[in-house]
Amino acid sequence: MTMWTLVSISLAYLGFAALAAAMPRHLSLFTSGAKLAPRARGRRRAAGCVGLAISAVPPVMVYGGATGMTAWLGVLMIAAFLLAMAFTLRELCHARRILWIPVVVVAIGALGAGLWR
Amino acid sequence: MKAGFRQSMAWLHTWTGLLFGWLLFAIFLTGTIAYFRNEVTHWMQPELHQAGPAPSRAEAAELGLRRLAELAPGAESWQLSLPDARNRTLDLSWRRPGDPRRGRGGPGVSLDPATGETLHPRETAGGNFLYRFHFELYGLPRKLAHWIVGIATMSMFVAIISGVITHKKIFKDFFTFRPGKGQRSWLDMHNMTAVLALPYHVMITFSGLVLFMAVMVPFVFDGGPRRGPPPPAVAEAEGGGASLSADLAAVAPLLRQAEERWAVPVGRIAVEGLRTGRPDIVLAPQRNRRLAVSSGSGSAGVERMRFDGMTGDLIEATEGREVSAVGAVNNVLGSLHRARFADTGLRWLFFVSGLAGTIMVGTGLMLWVSKRAAKHAKAGRLPVGFLLVERLNTGAIAGLVLATGGYFWANRLIPATLDGRANDEIAAFFAVWGAALIYPFLRGPARAWTEELWLAAVLLLALPFLNPATGGGNLIGTVWRGDWLAAGVDLAALVGGLACALAARSARGGRSAGSRRAPRPTATRAGQALAGE
């Protein structure tokens, strides 16, 4: 169960990252360009929504509908918080790679939890 | 007009938040820890940490029943709680003919499930004190305390709604936290913890209100019987007791049957009607399967399977009473609030959400001070109310964190065999908190904030070392064995200690937060931009 929760957090993180990449405020954290074409923005938004939707699958699979949705809300909160913290770090030191750290750490955690059993 | 509406909402948010903020912070922090109250109690009874690994549930159940037959041959009923991920011991209790029917009427013991030996844990207020404190406070008449907490809950609800209306850029600021910027940073953190965990905040506050419904609207809402009526008195047969455990049907097949039906492990076993000569075996699941099942309080959940104690035939399986839609909503809210259905993983999600709520309330209080600090400094006059809030903030936020750390220390430093030591633990908690509330008035809020948080950080960070030094397991060993029940509290203390250290180092309490100019050495662009202003 831990593994699936962590997988779900990774997916939600990627989803939120895609949504944020479509927001003017955070654009500079992702690309050097200052403007985003409307179509590219739409694509990112769509990708983000898809990511968030897919992240609901593991908890619902493990816990069933009602409890799964409850767990999913918790997952979304954690993922968004991690992304916000990554943005904060990214502002402080200029390395785009930082944005990958949380998702890589969480994914490794998921792998570890999966192998532990 | 629209601006006017938003402004009045901001006013409402500010003042309901300030008036009940300190109490809400305490409710949120203790309530959040209470998600793990079994785990905290277990940590606080190091005598239990050495209990061996549990055998299968069926073996543990048989062991428990054998021991009950030895310990309580003349009892009316036996209760047995199996070891699980949240409890290492096999807990037995029984009710003798004269014992009261309600509550935990009878005596009980905890066994090492591996050896069947009786363990002698220390008396402790444990996680239960924190749990009860979060809705009954302490030392007040229960009704009064419920009213106070109920009104605080209502104002929390008001603050949530007015806060959402006041917040201008919910989506724009969704991922934004700008550190080292005084008031801006407090506001960012306040907004972020509020918005990201908004579903949780609405749920926990609204369900908290509903749980208080019987108290708050006594004329409208009839709480009704909390538990079913007591079972009818039955004629007692002579004998029974001593030889009975041999005559009881084997429990292993009953456990299997129940677990197949529930897909949740059996948590508790009761043998009822022992003196009638025709006892029943009643099984209850470890946790609720569904949200809409009444979660009850304590162990009063309603999912049960009742078997004939002699033949092992299923008599009935209750899934909870049929309830109306309103009843189901009520059950769902109660379940969600208490997380009665949650396994350990889900409990962590609730715990993190609760922490978000705690931080939201705390940063909100700090924001009140920080927002006014610059203005008052410019005017050159500091009103008494401002000075008071500034000091109370330190004692209520940093002080409570410190008191919670002190509570864990008191648990280990007060001699384990002392009589009435549970009350001493509670006294230590309030003594530390009281001192921490007074200290800012002597020392000044900003210094007291830093010092109290540093002390809290030291207490929490040292907890994993205190634990093995006073009879518990050491963290490396427990993690290596995958014993998360023992390791969880230690790990949470480490993380909490680091957070306190961070808050002591980078977030200044009191006035200096508003007028802080020098950015941290690590802060670059953003910090320099601010310094240049």
Side-chain angles (χ1 to χ4, degrees), chain A residues 1-6 8-9 12-13 16-30 45 48 58-59 62-94 99 102 109-110 112-113 116-117, chain B residues 85 169 171-180 185 188-189 191-193 195-203 263 287-293 328 332 335-336 339 341-357 359 482 484 519-527 529:
Chain A
M1 283 186 205
T2 314
M3 179 183 76
W4 288 114
T5 307
L6 293 175
S8 176
I9 291 176
Y13 182 91
F16 275 130
L19 283 179
M23 290 164 71
R25 170 176 296 178
H26 304 296
L27 190 58
S28 66
L29 300 178
F30 290 90
R45 280 212 176 127
V62 174
Y63 290 110
T67 313
M69 289 322 265
T70 313
W72 184 55
L73 289 175
V75 161
L76 289 185
M77 176 196 65
I78 291 175
F81 183 78
L82 288 175
L83 185 64
M85 288 297 117
F87 280 165
T88 304
L89 275 181
R90 170 74 177 76
E91 293 271 6
L92 294 176
C93 42
H94 318 252
L99 299 183
W116 187 284
R117 299 275 148 232
Chain B
K169 298 181 278 188
F171 291 106
K172 231 177 186 174
D173 278 348
F174 204 79
F175 302 111
T176 307
F177 174 64
R178 288 154 287 193
S185 309
D188 278 347
M189 196 42 108
N191 286 344
M192 198 165 70
T193 46
V195 171
L196 296 189
L198 189 60
Y200 172 83
H201 299 322
V202 172
M203 177 281 285
R287 53 175 188 273
N288 293 340
R289 272 179 311 156
R290 290 181 300 123
L291 286 172
V293 170
V332 168
S335 281
L336 281 172
F341 58 91
D343 62 18
T344 303
L346 255 179
R347 243 159 232 284
W348 278 108
L349 294 180
F350 274 85
F351 180 79
V352 175
S353 308
L355 281 184
I359 296 172
W484 298 110
R520 281 207 310 283
T522 45
T524 51
R525 269 190 323 187

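Just so it is clear: chains get the letters A, B, ... in the order the sequence lines come, proteins before strands, and each one is counted from 1. When reading the values below, keep in mind they use all heavy atoms of this one structure, side chains included, and skip hydrogens, waters and symmetry mates.
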Of the non-hydrogen atoms in [X] and [Y], which two are nearest, and what is the gap between them?
X      : Y      : value
B:K172 : A:H26  : O-NE2, 4.4 Å
A:T88  : B:F177 : OG1-O, 3.0 Å
B:F171 : A:M23  : O-CE, 3.3 Å

Worksheet, complete the sentence: Ranked by heavy-atom pairs below 4.5 Å to chain A, first place among B:T193, B:D173, B:T344 goes to B:D173
Response to the item:
Residue pairs passing the salt bridge (charged side-chain N to carboxylate O under 4.0 Å, His left out) test with at least one member in residues 75-85 of chain A, sequence neighbours excluded, are none
Proximity breakdown for [X] and chain A, heavy-atom pairs closer than 4.5 Å:
X      : value
B:Y200 : neither
B:D343 : side chain
B:A342 : neither
B:L336 : side chain

For a quick test of your reading: what N or O donor-acceptor pairs under 3.5 Å do the side chains of residues 69-86 of chain A make, sequence neighbours left out?
residue, atom, partner, partner atom, Å
A:T70, OG1, A:A66, O, 2.9
A:W72, NE1, A:S55, OG, 2.9

Fill in: Distance in Å, B:W484 CH2 paired with A:T2 OG1, rounded so as to fall on 0.5 Å steps
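Interatomic distance, B:W484 CH2 to A:T2 OG1, rounded to 0.5 Å: 9.5 Å.
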Item to complete: Could you check whether the rings of B:F174 and A:F16 sit parallel, tilted or perpendicular, using 30° and 60° as the cut-offs?
Response: tilted
Worksheet item: Any chance CH2 of A:W4 has more than 12 other-residue heavy atoms, nucleotides or ligands included, within less than 6.0 Å?
Response: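 Open: at most 12 neighbouring heavy atoms sit under 6.0 Å from CH2 of A:W4.
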